[in-house]
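All remarks here apply to the structure that follows.
All figures in this text were calculated on a predicted structure; none of them were measured in a lab.
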Amino acid sequence: MTAFEELERGDIVWASDPLSEKGRPMLVLGTPQFPTHGVQLITVLISTKTYHETTLTLRDDDYEGDPLGERSYVLPWSLATLNTAADVDHYLTSLVNDRTEDVVNQVIDYIS
């Protein structure tokens with residue numbers, strides 16, 4: 001398992017879902033470290049359902065490692081900050097840098 005502090009931009013983890021009691025895959029977009037708190041993970045939620053026309057479909061060639069089992073979609077409007085290792089169950093895979101940048105740009109467009 002990858003340690004919480006070793007996770008980086010582009011990694012996909014199975015983590016606590018702030019919107020429900022079950023976990024879900026989340027894409028790590030940032031890993032800021034704060035002097036009084038330590039590492040936090042800025043993530044976006046991933047789903048197997050499309051909820052909106054601005055979801056980003058993840059294709060098999062978007063993954064640096066093995067793809068997720070089902071067709072998946074990034075939800076750029078669903079940001080979540082994970083504060084501790086207890087929030088992350090395990091590492092799943094990662095995205096290639098170009099696709100991670102696509103997600104970041106869509107998040108920026110969505111919130112600006």
Side-chain angles (χ1 to χ4, degrees):
M1 169 156 161
T2 304
F4 184 80
E5 296 80 16
E6 294 174 5
L7 292 167
E8 55 190 35
R9 183 183 194 137
D11 287 342
I12 297 175
V13 296
W14 187 266
S16 302
D17 183 347
L19 304 176
S20 76
E21 293 188 17
K22 60 182 181 175
R24 73 163 54 243
M26 295 185 190
L27 171 64
V28 177
L29 297 181
T31 59
Q33 182 159 350
F34 300 98
T36 58
H37 183 74
V39 173
Q40 292 185 330
L41 303 179
I42 299 170
T43 69
V44 288
L45 280 58
I46 298 175
S47 178
T48 56
K49 298 177 176 73
T50 61
Y51 292 104
H52 197 274
E53 64 273 2
T54 58
T55 60
L56 286 167
T57 303
L58 296 178
R59 303 170 305 267
D60 287 352
D61 60 347
D62 291 334
Y63 296 93
E64 196 167 275
D66 292 331
L68 296 173
E70 293 183 56
R71 173 69 67 203
S72 296
Y73 306 90
V74 175
L75 311 177
W77 60 89
S78 291
L79 292 161
T81 301
L82 305 177
N83 295 305
T84 68
D87 294 330
V88 176
D89 189 56
H90 60 278
Y91 169 88
L92 294 169
T93 189
S94 61
L95 294 184
V96 296
N97 289 335
D98 288 346
R99 195 57 170 155
T100 302
E101 284 303 315
D102 291 343
V103 173
V104 169
N105 289 329
Q106 186 145 3
V107 169
I108 291 169
D109 288 346
Y110 203 88
I111 62 176
S112 61

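At least one donor-acceptor pair under 3.5 Å links the side chain of Asp87 to the backbone N or O of Thr84. A donor-acceptor pair is defined here as one N or O able to donate and one able to accept, closer than 3.5 Å; such a pair exists between the side chain of Thr93 and the backbone of Asp66.
Among all heavy-atom pairs drawn from Ser72 and Ile46, the shortest one is CB-CG2, 3.7 Å. The two residues Leu41 and Val39 make their nearest non-hydrogen contact at CD2-CG1, 4.1 Å. Across all non-hydrogen atoms, the minimal contact from Ala85 to Phe4 is CA-CD1, 3.6 Å. The shortest non-hydrogen separation linking Pro18 to Ala80 is CG-CB, 3.9 Å. Minimum interatomic distance between Leu7 and Asp11 (heavy atoms only, all atoms of both residues): CA-OD2, 3.5 Å.
Each of Leu79 and Met26 belongs to its own hydrophobic cluster when Ile, Leu, Val, Met, Phe, Trp and Tyr are linked at side-chain heavy-atom distances under 4.5 angstrom. The same ILVMFWY cluster, assembled from side-chain heavy atoms under 4.5 Å apart, contains both Val107 and Val104. One hydrophobic cluster holds both Val44 and Leu56 under the rule that ILVMFWY side chains link at heavy-atom gaps under 4.5 Å. Residues Leu75 and Ile12 do not share a hydrophobic cluster, defined by chaining ILVMFWY side chains whose heavy atoms lie under 4.5 Å apart. One hydrophobic cluster, built from ILVMFWY side chains closer than 4.5 Å, holds both Leu29 and Leu92.
Here the CZ atom belonging to Arg99 is positioned 9.0 Å from the CG atom belonging to Asp61, to the nearest 0.5 angstrom. Taken from OG1 in Thr31 to CD in Gln40, the straight-line distance is 11.0 Å, to the nearest 0.5 Å.
Counting heavy atoms from C-beta on, the side chains of Leu45 and Trp77 never come closer than 4.5 Å.
Around CG of Asn105, the count of heavy atoms belonging to other residues, nucleotides or ligands within 6.0 Å exceeds 12.
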List the steps, then state whether side chain to side chain contact (heavy atoms under 4.5 Å, CB included) holds for Leu68 with Glu70.
CA-CA 6 Å; Leu68 296 173; Glu70 293 183 56; over 6 Å; no
Exercise. Could you go step by step and tell me if Leu95 and Tyr63 meet the side chain to side chain contact (heavy atoms under 4.5 Å, CB included) rule?
Worked result: CA-CA 4 Å; Leu95 294 184; Tyr63 296 93; 3.8 Å; yes
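Between Glu101 and Arg9 there is a salt bridge, since a side-chain N of the basic residue sits under 4.0 Å from a carboxylate O of the acidic one.
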